[in-house]
Q: 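Can you read through this structure? Questions will come right after.
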Number of protein chains: 2
Amino acid sequence: MTKQNLGETIIMNAAQLFKKQGYKATSIKQIANASGCTTAALYYYFEGGKSEILETVMRRMQPEQMREAKLQELPPRLGDLIGARMEIMKDNMAVMADRIRWLFMEMANLSDEDKLPFQKQLLGFQSEIKADLQQYIADEKQADQIAWIMFCSFFGYQQLGVTMGLDAHADLTVTKFTEAMQAVIFADLMDLPKRDDAA
Amino acid sequence: MTKQNLGETIIMNAAQLFKKQGYKATSIKQIANASGCTTAALYYYFEGGKSEILETVMRRMQPEQMREAKLQELPPRLGDLIGARMEIMKDNMAVMADRIRWLFMEMANLSDEDKLPFQKQLLGFQSEIKADLQQYIADEKQADQIAWIMFCSFFGYQQLGVTMGLDAHADLTVTKFTEAMQAVIFADLMDLPKRDDAA
DNA sequence: GTCTATAGCGGGATAGAC
DNA sequence: GTCTATCCCGCTATAGAC
């Protein structure tokens, strides 16, 4: 526990506890203990109490979320694009998985307005995949469809494998999943070269 | 509220509340109110209190879960298989989505042993899709891969669309998603007829 | 079987000392 | 800024009447 601003420490510990247990199941006493202070100190930094701590945690979490999805350089063949994307995600999978699991938990209690930023980020993720694909695929609708399938299936894989623990029972490593994705989706597109006239 | 066994009524109402709010966030008073009795009555039926109610809900939920996934009759062309599966799921989607969302919430607090039945059911779901596919596709590995992608992407779609509320922002109806799945995955397999020599 | 009443505990929040 | 002490409330659970 680096002795920096206590307010920051509180937020970090709260974020961790919320993610692990959920908002309702986490008490402010737990947060105080983890932060090495008393509940009273929490109210010095966050007058609004527990709910203000939640708001702050949510606000802090967003800019960081899923930022990793951007590819620096596109590979020459479309088939390698999936591999490259998967590679990036593999590293951050554990982090993303429990963050998303938590969002699922709290989503039910969020107002439509509060949901918005998270939804936007998810949509942005699909858009990025689509944009990448359009570097290879001319047909916009096709790129869109493929992007959705890639996005949904990766998302589902992550939830099933990591959160639900299926990877322990099925032989469903990231590598195998990537192979399946490449084999299934891109059977006939796999070798498309990067288009030169792309945006 | 059909006036049957109160014990059953309690379990049904508890299940609904747990799914909506999570175990921790649901009070026994809420359960009692919803069931038209007092908390004391709960303890007549479930001596173990709230935790015994949870156990019972979990035990009851399993056999019912995802039962709908079985197809009675396979369509003549492979391309229609996805449509048929989607059609079935569409109806039960809302039910499944919040049940699964709940499982996600509680998964973190379940022991590995308790997780097992749910994991088995999920795996069984993939197996069913695979078995269907093998009626059309000879190559076992290919069928397995396609089944995983279908399973994961449907799962992801459901979570993203319904639980995260993306369907409100993207034009991501079940129909469109089904089309995408058909277009993307089965571009070149779409018209495969049902094999006669299949198991 | 189901109720009323209540004990006991842990949670969120605040006042006031330092 | 941070603590101690405390309030009040809602929750789980139980005792005992009907």
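What you see is a predicted model; the values in this text were computed from it and never measured. So you know, we letter chains A, B, ... as the sequences are listed, proteins then strands, and number each from 1. All values below come from the heavy atoms of this structure, side chains included, with hydrogens, waters and symmetry mates left out.
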Q: Starting at atom CD of Q30(A), determine the distance to atom P of dG10(C), rounded to an integer number of angstrom.
A: 13 Å
Q: Between atom CG in N33(A) and atom P in dT4(D), what is the gap in whole Å?
A: 12 Å
Q: Would you kindly give the CG-to-C1' distance between L17(B) and dC11(D), to the nearest whole Å?
A: 15 Å
Q: With respect to the phosphate group of dC3(C), does any side-chain polar atom (N or O) of T38(B) fall under 4.0 Å of OP1 or OP2?
A: yes
Q: Write down the distance between CD (Q21(B)) and C1' (dC11(D)), rounded to a whole number of angstrom.
A: 14 Å
Q: Are Y44(A) and dT14(C) close enough that a side-chain N or O sits under 4.0 Å from OP1 or OP2?
A: no
Q: If I take atom OH in residue Y45(B) and atom P in nucleotide dT12(D), what distance separates them, rounded to the nearest angstrom?
A: 20 Å
Q: Determine: side-chain N/O of Y43(B) to OP1/OP2 of dA15(D), distance under 4.0 Å, yes or no.
A: no
Q: So T26(A), base contact, sugar-phosphate only, or nothing? Heavy-atom distance under 4.0 Å.
A: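 Contact class for T26(A): sugar-phosphate only.
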Q: For the pair made of CD1 in I31(A) and C1' in dA13(C), what is the distance, rounded to whole Å?
A: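 It is 13 Å, rounded to the nearest whole Å.
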Q: By nearest nucleotide on DNA chain C, pick out whichever of A40(A) and I28(A) is the more 5' one.
A: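 The 5'-side residue here is I28(A).
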Q: Expressed in angstrom and rounded to an integer, what is the separation of K29(A) atom NZ from dT6(D) atom P?
A: 14 Å
Q: When you check the side-chain N and O atoms of Q126(B) and D144(B), is any donor under 3.5 Å from an acceptor?
A: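 Judged by distance alone, the side chains do pair up.
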Q: Looking at the side chain of T39(A), which of dA13(C), dC3(D), dT2(C) is the nearest nucleotide?
A: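 The listed nucleotide nearest to T39(A)'s side chain is dA13(C).
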Q: Is a side-chain N or O of Q145(B) found less than 3.5 angstrom from the main chain of V184(A), in a donor-acceptor match?
A: no
Q: Taking CD from E47(A) and P from dG1(D), how many angstroms apart are they, rounded to a whole number?
A: 14 Å
Q: Between R60(A) and E55(A), does any NZ, NE, NH1 or NH2 come within less than 4.0 Å of an OD or OE carboxylate oxygen?
A: no
Q: Are there more than 12 heavy atoms of other residues, nucleotides or ligands under 6.0 Å from atom CD of Q142(A)?
A: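 Counting other residues, nucleotides and ligands, CD of Q142(A) exceeds 12 neighbours.
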Q: Among residues at least two apart in sequence or on other chains, which ones pass salt bridge (charged side-chain N to carboxylate O under 4.0 Å, His left out) with K20(A)?
A: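 For K20(A) there are no salt bridge (charged side-chain N to carboxylate O under 4.0 Å, His left out) partners, ignoring immediate neighbours.
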